[in-house]
Amino acid sequence: KAGVTQTPRYLIKTRGQQVTLSCSPISGHRSVSWYQQTPGQGLQFLFEYFSETQRNKGNFPGRFSGRQFSNSRSEMNVSTLELGDSALYLCASSRGDIVAEAFFGQGTRLTVV
Amino acid sequence: GESVGLHLPTLSVQEGDNSIINCAYSNSASDYFIWYKQESGKGPQFIIDIRSNMDKRQGQRVTVLLNKTVKHLSLQIAATQPGDSAVYFCAEGSARQLTFGSGTQLTVLP
């Protein structure tokens, strides 16, 4: 079956703009988590959604937000982009009962200039 | 705060040898621990996980050991192959999130 799909793969944005990233989970998976990966900070948890509800949130400013749709697809939005937001944004899906067996997408590489 | 860390940032092994990647964690309340492999340009790939009530689990060519006394986790890869070259992350799972370590770069030498 198809894996986790993230679009777009690459993005270049200007400081101050906003961006929306998309994630389609594995069929049947109801939990979607988002992570930010940078060389300096590693992989950091952003938030997790299950059945359209945010169940958990990491320590990121309010500029980072997300949502999940009834078909489990998820989007994350970053407003007022800063240079430090440049990162690989990863989405992971799991069945929902536990997040241990999370499967990751290839990520969206965001560059802020 | 709670953290998951790795002992070594890089590890080089000869093809065919066994590899051992170590990880220290600090959150004794974690329910499970997971190892991921990340190749260049790809997202992390699930390798194996272990519940906190276990001390060993085996998969195909991989074994994870959990020592709760010293809060230590290790990943053993048998007969390491060139395709095993990647960054390996340990992660702890609790409260519906994963907390990742900083990663170890494994390089397999011919």
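In what follows, every chain begins at residue 1, and chains take the letters A, B, ... in the order their sequences are listed.
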With A/T20 via side-chain hydrogen bond (donor to acceptor under 3.5 Å, both in side chains) - residues at least two apart
A/N77
I need the contact set between residues 58-67 of chain A and chain B: heavy-atom distance under 4.5 Å, sorted by residue number.
none
Please go through A/I12's hydrophobic cluster and name the other residues, only I, L, V, M, F, W, Y counting, with side-chain heavy atoms under 4.5 Å joining them.
A/V113
With a 4.0 Å cut-off, would you call B/D55 and B/K68 a salt bridge?
no
Give the table of side-chain donor-acceptor pairs shorter than 3.5 Å for residues 37-44 of chain A, with sequence neighbours excluded, one pair per line with atom names and distance.
from: A/Q37; atom 1: OE1; to: B/Q38; atom 2: NE2; distance (Å): 2.9
from: A/Q37; atom 1: NE2; to: B/Q38; atom 2: OE1; distance (Å): 2.8
from: A/T38; atom 1: OG1; to: A/Q41; atom 2: N; distance (Å): 3.1

Between A/R109 and A/Y10, is NZ or CZ placed under 6.0 angstrom from the six-membered ring centre and within 45° of the ring axis?
no
Would you mind checking which part of A/R9 comes under 4.5 Å of any heavy atom in chain B, side chain (CB onward), backbone (N, CA, C, O), both or neither?
side chain
If you measure from the Lys or Arg side-chain nitrogens to the Asp or Glu carboxylate oxygens, is any gap between A/D85 and A/K13 under 4.0 Å?
no
